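So the structure is just underneath, and the comments pick up after that.
What you see is a predicted model; the values in this text were computed from it and never measured. In what follows, chains are A, B, ... by sequence order, proteins preceding strands, each numbered from 1.
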Amino acid sequence: MALSLYNTLTRRVEPFTPLLPPRVTIYTCGPTVWQYAHLGNFRTFLFEDLLRRHLEFLGYDVFHIMNLTDVDDRTIKAAAAAGKRLEEHTAPFVQAFFDDRDYLRIQPAHVYPRATEAIPAMVRLVGQLLDKGVAYKGEDGSVYFAIGKFPTYGRLSRLDRRELKVGARVASDEYAKDDPRDFALWKRAEPIDEQVGAAWDAPFGRGRPGWHLECSAMSLDAISRFGVATLDIHAGGIDLIFPHHEDEIAQSEAATGQPFARFWLHGEFLNVRGTKMSKRFGNFLTARDLREQRVDAAAVRLLFWQTHYRQALDFNDEALEGAKEGVKRLGELRARLVERAAVDSARPGVLAELASELLSEFGIALDDDLGAPRAVAALFEFVRAANRELDRGQGGIGTGAAAGAGAALAVFDRVMTVLDVLPTAKALTPEFAAWVEGQLAAREKARRAKDFREADRIRAALRAKGVELEDTPAGTKWRAG
RNA sequence: GGCGCCGUAGCCAAGUGGUAAGGCAGAGGUCUGCAAAACCUCGAUUCGUCGGUUCGAUUCCGACCGGCGCCUCCA
């Protein structure tokens with residue numbers, strides 16, 4: 001098996017090989033901490049989580065860098081509007097981002113460099129670019145990158161021959177630049193920047209970094225520990241292709257003379273009725289909204305995995321409900337496998353076969369440009385076949401067989417992480433459990449006496465407390481929702 | 001205007017030049033005191049429309065209709 005990934009640079013799926021195996025360096029553009037990140041932002045972070053987990057599953061030694069943009073137009077404006085210092089405004093949103101990340105069970109990156117803590121590295125980078133003559137100081141005091149000095153500019157976005165649309169957004173610094181397409185590396189300090197504490201001294205003037213600069217400076221700094229100036233993978237949302245990633249390439253490669261990243265991966269949008277989820281449109285939902293609704297993160301993940309990452313996904317409540325039901329079904333199977341693991345076998349070989357089919361198909365699917373939808377399809381085929389087998393094997397399916405199937409499920413879940421959190425992890429007081437057991441005993445007594453009215457009354461009473469019952473030959477099971 | 005993406009059952013969607021995965025919802029059934037869970041059966045003669053290439057196209061090409069994205073700081 002070999003992993004292949006779609007590379008935006010070449011616009012095709014290519015075999016993936018890292019520069020220095022088994023090490024893989026990944027840089028993913030992180031959140032701008034001016035506000036809570038919404039679910040669309042997290043779709044990208046989740047696709048990156050899948051990438052990371054699959055690489056690790058394949059045995060790669062991944063080093064994952066995710067930046068936190070804590071100084072830019074929006075953070076500065078938001079801080080000023082709140083009458084706060086920059087750091088004071090962004091800190092809670094950094095924490096919120098980490099909380100949401102954990103809720104969604106996204107593996108933490110190895111480092112989270114922050115723009116405000118990388119000012120010296122950025123100043124150095126701008127200095128280098130000035131020295132090389134690919135950057136210049138504009139009439140307004142800001143420093144710009146001269147794209148005319150970088151022949152391959154536009155290679156990633158393929159917008160090199162583009163013309164500015166008449167009436168399209170035109171930067172206010174237009175007249176300070178030699179070429180309207182040049183972009184800011186360092187922006188001269190404005191009063192609002194000083195007001196919130198977002199201005200730093202530099203040899204080329206007091207100011208603050210341009211948006212693209214931080215990613216180049218921080219990623220190069222982070223991978224310098226491996227003695228390289230080339231990332232194996234750089235990923236982000238599809239909207240970052242231009243200008244963000246294009247500009248990162250220009251800055252980095254002009255400075256180092258080496259390829260900035262070997263693979264560029266871009267995730268598609270999360271849509272709402274056909275339009276991208278966005279703060280601007282007000283059609284967004286945050287992770288904390290879902291958490292408040294007690295939506296299991298597994299449902300969000302399953303929903304996202306059912307659509308390929310390079311395909312727009314239309315989000316709505318019905319789709320989310322569907323994923324929730326799917327997660328429930330997965331949990332039922334896992335519980336069955338655990339329960340049945342201790343009983344003797346009728347047909348021990350069948351489950352083992354199903355388990356190995358699952359893992360094989362799962363690996364093939366993810367190796368093919370992270371074909372998560374195919375992996376999910378294989379998972380549910382496994383669920384159906386395993387349940388059928390469990391239904392059939394009256395006396396049990398064998399310790400080894402059940403354990404093996406459970407293990408296969410666990411392997412799958414280490415990458416996809418779509419199984420709900422184990423019920424035992426949910427907060428249940430011993431008192432509550434004892435009360436439920438008491439009710440169950442009373443109900444069982446009523447059932448034996450054929451007093452089904454009383455039995456149903458107890459069941460309804462338990463349901464009102466969030467306890468669902470399931471009568472099985474082995475007794476009544478219950479779970480707290 | 002430039003570059004690009006998409007249009008598959010009620011919803012979310014996968015996919016291939018050879019006759020449509022998977023999930024959810026829905027209908028019927030098995031099991032059950034009834035439920036629940038699980039399993040079984042059922043749904044697109046059809047993949048936006050119209051042409052073309054081909055023995056054969058949802059899949060390739062063209063046109064059109066519809067939706068969307070990027071075009072200097074949006075994941």
Quiz item: How about A:Tyr144 and A:Phe183: are their ring centroids closer than 6.0 Å?
Solution: no

Self-check item: Proximity to the side chain of A:Ala377 - top-ranked nucleotide from B:A14, B:A13, B:G22
Solution: B:G22

Quiz item: Taking the six-membered ring of A:Phe284 as reference, does the NZ or CZ atom of A:Lys279 fall below 6.0 Å from its centre and within a 45° cone about the axis?
Solution: yes

Quiz item: Which part of the nucleic acid does A:His308 contact within heavy-atom distance under 4.0 Å: base, sugar-phosphate only, or nothing?
Solution: sugar-phosphate

Quiz item: If you measure from the C1' atom in B:C24 to the same atom in B:G62, how many Å do you get, rounded?
Solution: 38 Å

Quiz prompt | Side-chain donor/acceptor of A:Glu268 to base of B:G69, under 3.5 Å | solution = no

Quiz prompt | Rounded distance in Å between the C1' positions of B:G7 and B:C64 | solution = 14 Å

Quiz prompt | Nearest-angstrom distance from the residue atom CG of A:Leu379 to P of B:G22 | solution = 13 Å

Quiz prompt | Integer angstrom distance from the P of B:G52 to that of B:U16 | solution = 26 Å

Practice problem: Any strand is fair game: report the nucleotide pairing with B:C34 by Watson-Crick or G-U wobble, both distances under 3.5 Å, or none. | Solution: none

Exercise. Output every pair passing ring pair (Phe, Tyr, Trp, His ring centres under 6.0 Å) with a member in residues 355-380 of chain A, not counting sequence neighbours, ordered by first then second residue.
Key: A:Phe57-A:Phe362, A:Phe362-A:Phe412

Quiz item: When you compare B:C39 with B:A14, how far apart are their C1' atoms, in angstrom units rounded to a whole number?
Solution: 24 Å

Quiz item: How close or far is atom C1' of B:G7 from atom CD of A:Gln311, stated in whole angstroms?
Solution: 10 Å

Self-check item: Over 12 foreign heavy atoms within 6.0 Å of CZ, A:Arg448
Solution: no

Quiz item: Which parts of nucleotides 32-40 of chain B does protein reach within less than 4.0 Å, heavy atoms only, written one letter per nucleotide 5' to 3' as B for base, S for sugar-phosphate only and - for none?
Solution: -BBBBSSSS

Quiz prompt | C1' spacing across the pair B:G43 / B:G23, given as an integer number of angstrom | solution = 15 Å

Practice problem: Rounded to the nearest angstrom, tell me the gap between atom CZ in A:Phe304 and atom C1' in B:C24. | Solution: 16 Å

Self-check item: Rounded interatomic separation in angstrom, taking CD from A:Glu248 and P from B:A75
Solution: 13 Å

Exercise. Using a heavy-atom cut-off of under 4.0 Å over every strand shown, decide if A:Asp239 touches base, sugar-phosphate, or nothing.
Key: base

Quiz item: Under 4.0 angstrom, heavy atoms only, what part of the nucleic acid is A:Ser278 near: base, sugar-phosphate, or nothing?
Solution: nothing

Practice problem: Could you state the atom-to-atom distance from NE2 of A:His266 to P of B:G69 in whole Å? | Solution: 18 Å

Practice problem: Taking atom C1' in both B:C68 and B:G26, compute the distance separating them and give it to the nearest angstrom. | Solution: 31 Å

Exercise. Look through every strand shown and name the nucleotide pairing with B:C39 as Watson-Crick or G-U wobble, where both distances are under 3.5 Å.
Key: B:G29

Quiz prompt | Distance, C1' atom - from B:A9 to B:G4, rounded to whole angstrom | solution = 29 Å

Quiz prompt | P spacing across the pair B:A36 / B:A13, given as an integer number of angstrom | solution = 29 Å

Quiz item: When A:Leu51 is tested against each of A:Leu46, A:Leu366, A:Thr28, A:Leu265 for side-chain contact (heavy atoms from CB on, under 4.5 Å), which residue passes?
Solution: A:Leu265

Quiz item: Which part of the nucleic acid, if any, lies within contact of A:Glu246, taking any heavy atom under 4.0 Å across all strands shown: a base, the sugar-phosphate backbone alone, or nothing?
Solution: nothing

Exercise. On RNA chain B, check which nucleotide each of A:Trp211 and A:Gly322 is closest to and give me the residue with the more 5' one.
Key: A:Gly322

Quiz item: Rounded to whole angstroms, how far apart are CD on A:Glu318 and P on B:G23?
Solution: 16 Å

Quiz prompt | First encountered from the 5' end of RNA chain B, between A:Gly40 and A:Asp314 | solution = A:Asp314

Practice problem: First locate atom CG of A:Leu358, then atom CG of A:Leu354, and finally report the distance between them rounded to the nearest 0.5 Å. | Solution: 9.0 Å

Quiz item: Does a side chain donor of either A:Asp247 or A:Gln251 reach within less than 3.5 Å of an acceptor in the other side chain?
Solution: no

Quiz prompt | Six-ring centre of A:Tyr6, A:Arg12 cation under 6.0 angstrom, axis tolerance 45° | solution = no

Quiz item: Whole Å only: how far is the NZ atom of A:Lys276 from the C1' atom of B:C5?
Solution: 14 Å

Exercise. Please tell me which of the listed nucleotides, B:A75, B:C6, B:G69, lies nearest to the side chain of A:Arg43?
Key: B:A75

Exercise. Could you check whether the rings of A:Phe150 and A:Phe145 sit parallel, tilted or perpendicular, using 30° and 60° as the cut-offs?
Key: perpendicular

Quiz prompt | Selected nucleotide, minimal atom distance to A:Leu313 side chain, candidates B:U72, B:A75, B:C12 | solution = B:C12

